*Asks:* 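My questions all concern the structure below.
Note on naming: letters A, B, ... go to the chains in the order of the sequence lines (proteins, then strands), and numbering restarts at 1 for each one. Values in this document were obtained by computation on a predicted structure and should not be read as measured data.
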Amino acid sequence: MISVVYFGTYYFSAHVLESLINSGVFNIKMVITQPDRPVGRKKEVQASPVKLIAQKYNLKIDQPETLKNYSLSEVADLNITCQYGLLIPKSVLETARRGSINVHTSLLPKYRGASPIQSVLINGEKETGVTIMLMDEKMDHGDILRQQKIIIDPQDTYETLNAKLLAIAPELLIISAKDYLANNIMPQVQIHEEATFCKEFTRDDGKIYWEKTAEQIFNLYRGLTPWPGIWTEYNGKRLKLLEVKLADKIIELGKITAQQNQLFAGCGQSTSIEIVTIQLEGKKPMSAKEFINGFKNIL
RNA sequence: CGCGGGGUAGAGCAACCAGGCAGCUCGUCGGGCCCAUAACCCGAAGGUUCUCGGUUCAAAUCCGAGCCCCGCAA
């Protein structure tokens with residue numbers, strides 16, 4: 001058994017952790033995840049997805065606010081990190097006998113940073129993948145152990161692409177870890193000059209600029225749905241577009257108009273999108289047809 | 001006590017500010033028209049107006065309390 005300390009926080013990471021546990025190859029000595037955070041309108045404190053999995057398997061858990069000056073109580077063969085979300089200092093990375101490896105959901109050195117899955121969609125990339133890499137002090141900067149490429153479907157959204165990456169990541173991680181520990185793998189230095197970076201998104205990033213083309217707006221939708229979602233202003237209120245498609249109507253730029261039971265919006269360069277599902281501020285999500293029924297007078 | 005919007009027929013909305021038979025667009029059901037239709041015409045059913053209390057001759061509407069949903073913010 002390979003002993004491991006696992007660092008992770010979010011949904012994707014939780015599934016990777018569970019796959020490691022179920023592989024039977026790893027002994028998870030400890031799980032480090034972010035502290036429970038208040039979330040939602042009621043500010044209810046919520047455990048991270050990784051914590052829930054760790055609890056399910058009765059693993060030892062620690063949730064430090066920061067790893068600065070942190071000293072890891074468990075020494076393992078390997079630290080494995082995936083979507084942890086906090087900086088891990090060199091001293092912690094080096095605590096494990098063979099150091100730390102990371103799962104990153106892009107083809108490094110492209111899309112280093114917090115939001116590779118969203119960013120490749122927003123930029124209309126045709127392919128992405130999963131990279132297993134050694135960690136060093138700089139973010140997503142270490143040598144590459146293995147990389148697997150996948151094709152992005154033009155209809156892929158964050159959710160479907162996330163699922164595709166999740167389908168290949170655990171196995172790639174497991175064989176990479178085994179080969180690395182057996183010295184059957186030659187780590188490859190990244191071509192640092194080709195590195196690109198992506199930032200964490202906020203709700204403001206979902207604001208639609210209608211002068212962009214339909215394809216650009218559609219890509220924004222693909223990357224930012226379901227969170228933070230894309231939105232525009234309508235009669236002074238925020239209007240979320242929960243589901244959109246590319247269309248081929250000619251519509252005045254920025255104007256939302258009803259044709260039969262469908263809603264269309266005009267984008268830049270005489271392109272347009274169809275709005276399938278919509279949510280007005282203070283209201284529940286509704287279909288284009290429902291929206292048209294109630295708001296016919298003011299459209 | 002973080003800010004704000006909302007709860008009216010199966011759905012989405014109007015009427016509320018200025019109290020007086022609860023209306024519109026759909027959907028559903030029945031009938032008609034048509035080669036045909038998600039189109040068009042005629043008709044029908046379907047409401048304790050979120051709950052509890054108060055004011056009033058009279059409350060969806062005004063006042064008080066509560067429950068629930070949602071957009072921000074975090």
*Asks:* Just verifying a value: how many Å separate R203(A) CZ and I230(A) CD1, rounded to the nearest 0.5 Å?
*Replies:*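 Here the interatomic distance stands at 15.0 Å.
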
*Asks:* Can you tell me if T157(A) and T225(A) form a side-chain donor-acceptor pair at under 3.5 Å?
*Replies:*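 Result is no, nothing qualifies.
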
*Asks:* Separation of F291(A) atom CZ from U25(B) atom C1', in whole Å?
*Replies:*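 Going from CZ in F291(A) over to C1' in U25(B) covers 14 Å.
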
*Asks:* For Q260(A), answer base if it contacts any base atom (sugar-phosphate contacts may also be present), sugar-phosphate if it contacts only those atoms, and nothing otherwise; contact means non-hydrogen atoms under 4.0 Å.
*Replies:*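 If one applies the 4.0 Å heavy-atom cut-off, Q260(A) turns out to touch nothing in the nucleic acid.
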
*Asks:* In this structure, how many angstroms lie between the C1' atom of A38(B) and the CD atom of Q262(A), rounded?
*Replies:*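 Answer to the nearest Å: 12 Å.
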
*Asks:* Of all the choices, C69(B), C72(B), C13(B), which nucleotide is nearest to the side chain of K284(A) once you look at every atom?
*Replies:*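 Side chain of K284(A) sits closest to C69(B).
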
*Asks:* Rounding to an integer number of Å, can you tell me how far N261(A) CG sits from C26(B) P?
*Replies:*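 Atom CG in N261(A) sits about 9 Å away from atom P in C26(B).
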
*Asks:* Side chain of F295(A), heavy atoms from C-beta onward: which of G71(B), G5(B), C13(B) has the nearest atom to it?
*Replies:*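 Closest of the options to the side chain of F295(A): C13(B).
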
*Asks:* If I pick the C1' atom on C33(B) and the same atom on C40(B), what distance separates them, to the nearest angstrom?
*Replies:*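 Going atom to atom, C1' in each nucleotide, I get 8 Å.
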
*Asks:* Any strand is fair game: report the nucleotide pairing with G20(B) by Watson-Crick or G-U wobble, both distances under 3.5 Å, or none.
*Replies:*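 Per the H-bond distance test, C57(B).
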
*Asks:* K237(A) NZ to C13(B) P: how many Å, rounded?
*Replies:*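 Going from K237(A) (NZ) to C13(B) (P), I get 10 Å.
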
*Asks:* So, is R37(A) near the phosphate of A74(B), with a side-chain N or O under 4.0 Å from OP1 or OP2?
*Replies:*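 Answer no for this pair, as no side-chain N or O of R37(A) is under 4.0 Å from OP1 or OP2.
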
*Asks:* In whole Å, what separates the P atom of G31(B) from that of A36(B)?
*Replies:*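 To the nearest whole Å, 16 Å.
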
*Asks:* Would you measure the distance from the P atom in A65(B) across to the matching atom in C70(B) and give it in whole Å?
*Replies:*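 Here A65(B) and C70(B) have their P atoms 24 Å from each other.
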
*Asks:* Between atom CG in L263(A) and atom P in C26(B), what is the gap in whole Å?
*Replies:*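 The answer, rounded to whole Å, is 15 Å.
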
*Asks:* I need the CG-P distance between L280(A) and G71(B), as an integer number of Å.
*Replies:*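 Atom-to-atom, L280(A) to G71(B), this comes out as 11 Å.
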
*Asks:* Would you mind pulling out the nucleotide paired to C3(B), Watson-Crick or G-U wobble, both distances under 3.5 Å?
*Replies:*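 Result: G71(B).
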
*Asks:* Would you measure the distance from the C1' atom in G10(B) across to the matching atom in A45(B) and give it in whole Å?
*Replies:*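 Looking at atom C1' only, G10(B) and A45(B) are 12 Å apart.
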
*Asks:* Could you tell me how far U48(B) sits from A22(B) if I compare only their C1' atoms? Round to whole Å.
*Replies:*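 Between the two C1' atoms, the distance is 14 Å.
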
*Asks:* How close or far is atom C1' of G4(B) from atom CD of Q279(A), stated in whole angstroms?
*Replies:*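 Checked: the CD to C1' distance equals 15 Å.
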
*Asks:* Which nucleotide in the set C70(B), G12(B), C69(B) lies at the smallest distance from any side-chain heavy atom of N293(A)?
*Replies:*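 Out of C70(B), G12(B), C69(B), the nucleotide with an atom closest to N293(A)'s side chain is G12(B).
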
*Asks:* Taking the same atom, C1', in C21(B) and in C17(B), what whole-Å distance lies between them?
*Replies:*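 Result for the C1' pair: 22 Å, nearest Å.
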
*Asks:* Of the non-hydrogen atoms in Q63(A) and P35(A), which two are nearest, and what is the gap between them?
*Replies:*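 Closest approach of Q63(A) to P35(A), heavy atoms only: O-CG, 3.4 Å.
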
*Asks:* State, yes or no, whether a side-chain contact exists between I122(A) and F201(A) at a heavy-atom distance under 4.5 Å.
*Replies:*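 They are in contact (side-chain heavy atoms under 4.5 Å apart), so the answer is yes.
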
*Asks:* Does a donor on one side chain sit under 3.5 Å from an acceptor on the other, for E18(A) and Y57(A)?
*Replies:*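 On atom types as modelled, these side chains qualify, holding a pair under 3.5 Å.
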
*Asks:* Go through C26(B), G71(B), C13(B) for me and flag the one nearest to the E281(A) side chain.
*Replies:*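 Closest nucleotide among those given: G71(B).
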
*Asks:* Does one side chain, of D77(A) or S3(A), offer a donor that lies under 3.5 Å from an acceptor on the other?
*Replies:*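 Yes, side-chain donor-acceptor contact under 3.5 Å.
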
*Asks:* According to the Watson-Crick and G-U wobble definitions, with both distances under 3.5 Å, which nucleotide is paired to C40(B)?
*Replies:*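 Pair assignment: C40(B) / G32(B).
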
*Asks:* Considering only atom P, compute the distance from G6(B) to C62(B) and round it to an integer number of Å.
*Replies:*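 So the two P atoms sit 12 Å from each other.
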
*Asks:* Of the nucleotides G12(B), C70(B), C72(B), which one has an atom closest to the side chain of E290(A)?
*Replies:*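 Closest nucleotide to the E290(A) side chain: G12(B).
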
*Asks:* If Ile, Leu, Val, Met, Phe, Trp and Tyr residues are connected whenever their side-chain heavy atoms lie under 4.5 Å apart, and connections chain through other members, are L246(A) and V244(A) in the same group?
*Replies:*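 Yes, one cluster joins them.
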
*Asks:* For U28(B) and A11(B), measure between their C1' atoms and round to the nearest Å.
*Replies:*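 Pairwise C1' distance, U28(B) against A11(B), rounds to 11 Å.
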
*Asks:* What's the CD-C1' distance between Q259(A) and A38(B), to the nearest Å?
*Replies:*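 About 16 Å, once rounded to whole Å.
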
*Asks:* Between G5(B), C26(B), G6(B), which nucleotide gets closest to the side-chain atoms of K283(A)?
*Replies:*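 Among G5(B), C26(B), G6(B), the one nearest the side chain of K283(A) is G6(B).
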
*Asks:* 5'-most contact on RNA chain B: P285(A) or G282(A), nearest heavy atom basis?
*Replies:*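 Mapping each residue to its closest nucleotide by heavy atoms, the 5'-most match is G282(A).
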
